[in-house]
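So the structure is just underneath, and the comments pick up after that.
So that the names make sense, note that chain A is the first sequence line, chain B the second, and so on, each numbered from 1. Only a predicted model underlies this, so the values are computations on that prediction, with no experimental measurement involved.
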There are 2 protein chains.
Amino acid sequence: MCPKETDEQKCPDQHNSTECAKHLMPVRDALDMLSGKWKIPIIIALTYGNYRFKELHRQIGITPKMLSKELKELEMHQLVKRTVYDSTPVTVSYELTPYAASLRHVIDALRDWGLQHRKRLMPKSKPAA
Amino acid sequence: MCPKETDEQKCPDQHNSTECAKHLMPVRDALDMLSGKWKIPIIIALTYGNYRFKELHRQIGITPKMLSKELKELEMHQLVKRTVYDSTPVTVSYELTPYAASLRHVIDALRDWGLQHRKRLMPKSKPAA
DNA sequence: TATATCGGTTTCCTAAGAGATACCAGATAG
DNA sequence: CTATCTGGTATCTCTTAGGAAACCGATATA
């Protein structure tokens with residue numbers, strides 16, 4: 001999101017496109033923050049407490065490369081705080097910032113809709129095997 | 001989502017992984033329905049009224065291939081209704097189903113968070129140029 | 001001296017997402 | 001007879017997301 005906003009998306013021509021961008025852009029911003037394979041698992045893991053890098057790596061099964069990338073993004077967006085302890089070997093702890101709590105409502109909305117949608121589309125099949 | 005659920009995601013080992021999947025899977029489901037470049041633009045366009053295929057194509061600037069794919073998915077998920085009129089040439093109209101209204105709350109939550117997040121991260125820069 | 005730990009980074013690779021372009025059949029308008 | 005409209009498909013290409021594996025320097029343990 002932040003670096004540049006050349007993201008030119010068109011829209012129905014009832015409304016001019018800046019008007020439309022104003023509707024789309026924030027949704028895109030939020031979605032960019034949550035989509036991808038690992039953001040939600042990481043955030044949910046961190047709601048249960050602080051974790052060190054290798055702990056996250058092992059526990060959610062993400063490769064170090066992805067984990068490093070995702071954590072950097074989350075930190076840039078002020079959702080995660082990174083703390084280095086100069087123990088030996090160094091340990092680095094990751095925790096959610098208080099601001100991250102603001103995502104709660106969004107994630108809840110997603111989960112609620114996802115739950116009822118699954119029920120609607122597969123009424124009697126396997127209940128989350 | 002629907003076809004198969006082999007999507008094995010791990011999770012912090014405080015909770016067993018089925019427990020954790022129960023948290024993650026619905027969020028994934030919802031996110032799958034909304035992420036990607038075109039779902040939201042299409043849905044928002046259709047909230048302003050019915051559109052024919054070529055109209056959507058021209059107005060939101062999506063290629064026919066992608067549009068076709070996205071509309072099929074939305075229809076499969078009962079969010080969009082497709083109606084064929086045997087005028088000449090045939091016209092096909094797409095509209096949101098009443099069920100699609102259930103997404104309203106989710107999209108609003110995303111937009112609200114996106115708006116305040118943008119303000120937080122870029123307090124005084126360009127206001128959606 | 002060898003091995004393991006820590007938090008990453010680097011390189012290589014594949015699969016998926018997405019764009020560009022051409023094309024189709026049927027009918028009508030010029 | 002040709003061009004144009006419709007709702008799409010098919011093919012080719014490029015870009016991005018993501019995984020696998022090896023590696024790094026510093027330190028501790030065996």
Qualifying salt bridge (Lys or Arg N to Asp or Glu O under 4.0 Å) pairs with a residue from [range], counting only residues at least two apart or across chains:
| range | value |
| --- | --- |
| residues 98-109 of chain A | A/R104-A/D108, A/D108-A/R111 |
| residues 41-51 of chain A | none |
| residues 65-74 of chain B | B/K39-B/E70, B/K39-B/E73 |
| residues 78-92 of chain B | B/K81-B/E95 |

Would A/R120 and B/Y99 count as a cation-pi pair here, with the cationic atom under 6.0 angstrom from the ring centre and within 45° of the axis?
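Judged by the rule (NZ or CZ under 6.0 Å from the ring centre, within 45° of its axis), A/R120 counts as positioned above B/Y99.
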Can you measure B/E70 atom CD to C/dA18 atom P for me and round it to whole angstrom units?
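From B/E70 CD to C/dA18 P: 7 Å.
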I'd like the 5' and 3' limits of the part of DNA chain D contacted by chain B, with heavy-atom contacts below 4.0 Å.
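Span of nucleotides near chain B: D/dC5 to D/dC12.
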Anything under 30° is parallel, anything over 60° is perpendicular, the rest tilted; go ahead and classify B/H77 against A/H117.
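B/H77 vs A/H117 ring planes: parallel.
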Quick check: does any side chain N or O of B/Q116 sit under 3.5 Å from a backbone N or O of B/W113, one acting as donor and the other as acceptor?
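At least one qualifying donor-acceptor pair exists.
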Within the 4.0 Å heavy-atom criterion, would you say B/Y85 contacts the bases, only the backbone, or no part of the nucleic acid?
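Touches nothing.
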Show each protein N/O and nucleotides 9-17 of chain C N/O combination with a separation under 3.5 Å, one pair to a line.
{"from": "C/dT9", "atom 1": "OP1", "to": "A/K72", "atom 2": "NZ", "distance (Å)": "3.2"}
{"from": "C/dT9", "atom 1": "OP2", "to": "A/S68", "atom 2": "OG", "distance (Å)": "2.5"}
{"from": "C/dT9", "atom 1": "OP2", "to": "A/K72", "atom 2": "NZ", "distance (Å)": "3.1"}

Nearest-0.5 Å distance, CD1 of residue B/I42 to OH of residue B/Y51
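It comes to 12.5 Å.
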